[in-house]
2 protein chains.
Amino acid sequence: MPPTIYDIAKQAKVGIGTVSRVFNNHPSVAEATRSRVLKVAARLNYQPHPYARGLARNRTNSVLAIIPFFTTFFFLEILQGVQAKLGQLDCDLILYGVNHPDQVEASLRHNALRSRVDGILFFSMSMPDAFADQYLQHKIPVVLVDAFHQNFDSLSVENQQGAYIATKHLISLGHTRIGMLNANLESVPARERLKGFQKAMREAKIALEPRLIRKSTSARLDGFTRESGYELMKEFIALGKSMPTAMFISSDIQAMGALAALTETGLRCPEDVSLVGFDDIEIAGHLGITTMRQPMYEMGVLAAEILAKRMQHPQSEVTHTKFVPKLIVRKTCGADLSQPALVAEHVA
Amino acid sequence: MPPTIYDIAKQAKVGIGTVSRVFNNHPSVAEATRSRVLKVAARLNYQPHPYARGLARNRTNSVLAIIPFFTTFFFLEILQGVQAKLGQLDCDLILYGVNHPDQVEASLRHNALRSRVDGILFFSMSMPDAFADQYLQHKIPVVLVDAFHQNFDSLSVENQQGAYIATKHLISLGHTRIGMLNANLESVPARERLKGFQKAMREAKIALEPRLIRKSTSARLDGFTRESGYELMKEFIALGKSMPTAMFISSDIQAMGALAALTETGLRCPEDVSLVGFDDIEIAGHLGITTMRQPMYEMGVLAAEILAKRMQHPQSEVTHTKFVPKLIVRKTCGADLSQPALVAEHVA
DNA sequence: CCTTCTAGTGGAAGGGCTTCCACAAATTTA
DNA sequence: TAAATTTGTGGAAGCCCTTCCACTAGAAGG
């Protein structure tokens with residue numbers, strides 16, 4: 001029912017090839033012809049059919065994003081960045097949310113190999129080996145975000161560096177009795193964040209007391225939960241006098257739980273204990289949690305850019321980009337908010 | 001490079017028509033032939049090319065979701081529902097996030113009229129008239145979610161009914177001095193929620209005191225902000241002795257601000273004042289806010305179902321579905337959580 | 001003035017599928 | 001046994017583009 005290239009050709013009294021060239025900005029079309037075609041096209045409200053185009057060009061102009069739905073926050077913002085960029089590239093975003101790692105395979109099978117998309121953005125999950133091989137073999141462009149694989153472009157966050165900055169911030173505020181409340185060490189980010197904490201402490205020549213470094217053993221979400229924060233903080237509180245005066249917590253969601261535990265015990269933050277979290281989820285702002293922010297929007301934009309590059313140059317060298325999170329100073333660390341200089345120092 | 005229907009046909013020693021019929025579950029294929037074709041297809045890892053299919057069938061098997069990115073929470077969950085259903089229908093979800101109402105038109109123009117999708121899910125925004133007309137005229141299936149238009153299928157939440165339930169809950173807890181902290185009355189939901197509040201009060205024969213009903217005048221997000229909750233609660237607190245003992249707040253995000261104002265003043269919730277919010281955003285759970293939950297996942301599923309129906313029967317009668325939100329009892333209302341019966345009564 | 005380019009142009013072929021029509025073989029019916 | 005179905009099947013045509021090759025007319029060159 002909508003007009004086709006033939007309708008335009010007929011009415012503009014040109015061949016279909018010419019119409020096609022006009023719509024693809026091919027240089028060898030006389031200016032007079034071009035404008036005549038465009039006028040007819042506008043009148044008939046013609047748009048090239050994307051599927052016919054895709055079939056003929058063997059390109060789909062769409063990108064698949066596979067994201068874990070089970071960890072919500074974080075993604076909407078990245079997706080905004082992704083989409084901003086894809087829009088510029090005239091690409092559509094197909095979203096596939098996964099509720100369980102098992103579904104990953106289904107989605108990969110369903111979409112990609114059916115040559116439905118030109119490239120794939122793969123978030124926060126580990127790519128099953130079988131598919132990694134297949135993609136590499138078929139040269140399907142893939143970019144991993146918040147994930148890593150030797151042979152694919154990836155974007156991720158410098159967890160260690162972030163933890164280091166957070167810890168140094170606490171040290172710079174004069175604390176010497178600093179603890180860390182960590183997630184399950186099964187998780188790579190948890191291990192990296194621990195390393196960053198240790199590094200900052202060592203550099204400041206503060207002894208690492210094992211009992212001031214506590215980690216979740218929960219399997220659920222690798223311990224990145226409100227509950228784990230609550231429980232571990234209760235353990236810290238039970239230390240009584242030897243409780244830390246400041247703590248680095250491996251995620252904001254755990255910091256929330258920790259905060260609840262403090263309030264419940266009648267302890268105040270930052271007066272009795274200073275906290276710095278990690279992630280800068282939305283709630284952190286509302287609760288005044290000082291934290292390490294990941295530049296999500298920017299990551300999204302860059303992810304799309306890298307994917308586009310990979311689509312153009314399939315053979316170019318694989319890149320691994322690391323983002324350094326930024327310290328966002330709020331209330332829970334007890335820093336003097338009227339001294340921006342102090343803050344800036346730790347941002348760099 | 002990937003195998004085509006011709007490759008399968010040749011290797012299975014059948015015609016392409018037969019292969020096609022096998023993949024479309026057409027009944028008139030002999031069982032022996034079918035299994036032979038499937039075996040070859042499996043061996044070559046064949047998948048029908050979706051674009052070729054789309055072109056031939058004049059169907060795309062994909063749906064466009066246009067969502068406002070600027071109001072975040074709420075959507076991921078609906079999208080999960082949408083996608084669960086679309087997956088069953090073997091449909092892909094194309095996501096178009098809008099950061100500003102102006103972009104709506106761009107997205108509509110870009111995608112739909114290029115016959116790129118079979119249907120559209122349109123979230124929480126008002127459909128520009130020009131497009132409404134176009135869609136109706138071209139019979140493009142559209143379902144509005146959390147929005148309304150006479151001529152399109154829509155799904156929305158019974159705000160009035162929800163507010164009514166929330167208020168009755170407070171009344172049933174024995175309160176008689178009940179206030180309402182509302183968003184900007186420019187917004188339709190704010191007006192509806194006010195009506196529900198008034199209705200419950202009238203039914204309980206409690207006089208409506210104007211000074212206990214306060215609304216935001218902010219334009220930003222129609223006053224559905226943490227700040228408006230904070231400021232209005234300060235006003236309530238300033239009432240001193242005549243402050244309400246219980247309040248219905250038009251959104252959880254405002255309830256957060258209100259809570260902060262209370263804490264700051266040294267007042268406790270629910271001991272000094274009971275609160276019920278609206279929306280059940282993620283933070284509400286963490287903060288123990290009693291609230292009215294919108295069945296987001298279910299809405300997503302149903303939206304996809306209705307869209308599918310509309311695609312099958314373009315002429316069927318337009319439907320408008322209303323969801324009644326459900327009371328989620330937590331701490332801020334002061335209800336006895338050990339008495340589930342009490343809760344259940346108000347859920348129905 | 002004739003040749004050689006060049007800038008434009010037309011349209012066939014092809015991309016991978018669905019669908020329909022034609023037809024052969026097997027089965028039922030008279 | 002012949003006629004009338006029924007059951008499977010093959011493949012051309014068509015979906016709407018892009019791309020390439022062939023071609024024309026005018027410009028430039030000799």
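Note that the structure is a prediction, hence the values are computed from the model and not measured. Labels below follow one simple rule: chain letters A, B, ... track the order of the sequence lines, proteins then strands, and each chain is numbered from 1.
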Legend entry - Side-chain heavy atoms of A:V82 within contact of A:V301, under 4.5 Å: no
Legend entry - Min side-chain heavy-atom separation A:H320-A:D153 under 4.5 Å: no
Legend entry - Test item: B:L86 and B:V63 side chains (from C-beta on) under 4.5 Å apart, heavy atoms: yes
Legend entry - Whole-Å distance separating the CG atom of B:D7 from the P atom of C:dG16: 9 Å
Inset, instruction - Give the angle between the helix axes at the two ends of the helix from C:dC1-D:dG30 to C:dA30-D:dT1, taking five base pairs at each end and rounding to 10°. - result: 40°
Inset, instruction - To the nearest Å, give me how far apart CG (B:N25) and P (C:dT18) are. - result: 11 Å
Inset, instruction - Using a 4.5 Å cut-off on heavy atoms from C-beta on, say whether the side chain of A:Y96 contacts that of B:Q83. - result: yes
Legend entry - Spacing between B:N58 atom CG and D:dG14 atom C1', to the nearest angstrom: 12 Å
For nucleotides 4-11 of chain D, print each protein N/O atom paired with a nucleotide N/O atom at under 3.5 Å, atom names and distance only.
unit_1, atom_1, unit_2, atom_2, d
D:dT9, OP1, B:T33, OG1, 2.4
D:dT9, OP2, B:A30, N, 2.9
D:dT9, OP2, B:T33, OG1, 3.3
D:dG10, OP2, B:G15, N, 2.6
D:dG10, OP2, B:T18, OG1, 2.7
D:dG10, N7, B:R21, NH2, 3.0
D:dG10, O6, B:R21, NH1, 3.4
D:dG11, N7, B:G17, N, 3.4

Inset, instruction - Establish, from distance only, whether the side-chain atoms of B:T60 and B:D118 form a donor-acceptor pair under 3.5 Å. - result: yes
Inset, instruction - Nearest-nucleotide wise, let me know which of B:A52 and A:F23 is further upstream toward the 5' end of DNA chain D. - result: B:A52
Legend entry - A:L121 side chain reached by A:L307 side chain, heavy atoms, under 4.5 Å: yes
Inset, instruction - Mark yes or no for a side-chain to base donor-acceptor pair under 3.5 Å between A:Y6 and D:dC17, with no hydrogen or angle criteria applied. - result: yes
Inset, instruction - Answer yes if the side chains of B:S124 and B:D146 hold a donor-acceptor pair under 3.5 Å, and no otherwise. - result: yes
Inset, instruction - Report the distance from atom NE2 of A:H26 to atom C1' of D:dT18, rounded to the nearest whole Å. - result: 10 Å
Inset, instruction - For A:I5 and D:dC17, give me the distance from atom CD1 to atom C1', rounded to whole Å. - result: 6 Å
Inset, instruction - Could you check whether B:T4 gets within reach of a base, just the sugar-phosphate, or nothing at all, counting any heavy atom under 4.0 Å? - result: sugar-phosphate
Legend entry - N or O in side chain of A:Y51 less than 4.0 angstrom from C:dT18 OP1/OP2: no
Legend entry - NZ (A:K322) with more than 12 external heavy atoms under 6.0 Å: yes
Inset, instruction - Mind telling me whether A:Y51 and B:Y51 have parallel, tilted or perpendicular rings, with 30° and 60° as the class edges? - result: parallel
Inset, instruction - Compare side-chain N and O positions of A:N24 against OP1 and OP2 of D:dT18 and report whether any pair is under 4.0 Å apart. - result: yes
Inset, instruction - Round to a whole Å and report the spacing from NE2 of A:H49 to C1' of C:dC17. - result: 13 Å
Inset, instruction - Using atom CZ of B:R57 as one end and atom P of C:dC20 as the other, report the distance to the nearest whole Å. - result: 13 Å
Inset, instruction - Could you tell me the separation between the CZ atom of A:R53 and the C1' atom of D:dT19, rounded to a whole number of Å? - result: 13 Å
